[in-house]
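One structure below.
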Amino acid sequence: MPTGTMANNILIDVSTTPVTYIPSPDVKHGDTVVFTLGNALTATATITFPEGTCLTTSGPYTLGGPTMSTAPLVVSLTALQRVYPFDVDINNGQESQARKGHEWDRKNGGIDVTSDPPKEVRR
């Protein structure tokens, strides 16, 4: 089996309701995940993992303005097989209303790690 060529790229569009996964929310160790605001050019979003992350970079990740998507984030080789839920706080661009109170929308999603880590890194 070739090494290094089996990683998949997963795109997660947090601007849609519900959050959209291309091709799916299922990932394997070494896959890359990119969070994007899609076509929501005036929106801003913060993505957090309240129960821990499966990614090698822990976040939170902030999108908006010149940063419409994250760099590819790698699924950790030591991530346990389970769903890693995330929260998205998104502002649709109505800055003045957002400052008045609670105009941020909250969405959630999850990344499902579908294969066990290699045995030598398991504890």
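Judged by distance alone, with hydrogens and angles left aside, the side-chain atoms of Thr53 form a donor-acceptor pair with the main-chain N or O of Leu55 at under 3.5 Å. Using a distance-only test at 3.5 Å, with no hydrogens or angles considered, a donor-acceptor pair links the side chain of Thr36 to the main chain of Gly38. Ser76 places a side-chain N or O within donor-acceptor distance of the main-chain N or O of Thr78, the cut-off being under 3.5 Å. Proximity of a side-chain donor or acceptor of Asp87 to a complementary backbone N or O of Thr48 within less than 3.5 Å is not detected. No side-chain donor-acceptor contact under 3.5 Å links Lys107 to the backbone of Val19.
By the rule that hydrophobic residues join a cluster once side-chain heavy atoms approach within less than 4.5 Å of another member, Met68 and Val88 end up as members of one cluster.
In this structure, Leu37 CG and Leu63 CG are separated by 4.5 Å, a value rounded to the nearest 0.5 Å. With rounding to the nearest 0.5 Å, the separation of OG1 in Thr57 from CG in Leu73 is 5.5 Å. Taken from CG in Asp13 to OG in Ser69, the straight-line distance is 10.5 Å, to the nearest 0.5 Å. For the atom pair Arg82 CZ and Glu51 CD, the distance stands at 6.5 Å (nearest 0.5 Å). The structure places CG of Asp89 at 9.5 Å from OG1 of Thr44, a figure rounded to the nearest 0.5 Å. The distance from atom SG of Cys54 to atom CG of Leu77, rounded to the nearest 0.5 Å, is 11.5 Å.
Within the structure, ring pair (Phe, Tyr, Trp, His ring centres under 6.0 Å) pairs that include any residue of residues 41-71 comprise Phe35-Tyr61, Phe49-Phe86 (at least two apart or interchain).
The side-chain hydrogen bond (donor to acceptor under 3.5 Å, both in side chains) search around Ser24 returns none, not counting sequence neighbours. For the side-chain hydrogen bond (donor to acceptor under 3.5 Å, both in side chains) test, no residue two or more places apart in sequence or in another chain qualifies with Thr70. Take Thr16 and apply the side-chain hydrogen bond (donor to acceptor under 3.5 Å, both in side chains) test, not counting sequence neighbours, and it matches Thr20. With sequence neighbours excluded, no residue forms a side-chain hydrogen bond (donor to acceptor under 3.5 Å, both in side chains) with Asp26.
The hydrophobic cluster containing Val34, built from Ile/Leu/Val/Met/Phe/Trp/Tyr side-chain heavy atoms closer than 4.5 Å, also comprises Leu11, Ile22.
Contact annotation: the side chain of Ile10 never approaches that of Ile111 to less than 4.5 Å [non-hydrogen atoms, C-beta and beyond].
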Can Val113 and Val75 be said to form a side-chain contact (heavy atoms from CB on, under 4.5 Å), step by step? CA-CA 8 Å; Val113 177; Val75 177; 4.3 Å; yes
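Closest heavy-atom contact between Gly110 and Pro25: O-CB, 3.7 Å.
Of the N and O atoms on the side chains of Thr114 and Asp112, not one donor lies less than 3.5 Å from an acceptor on the other residue.
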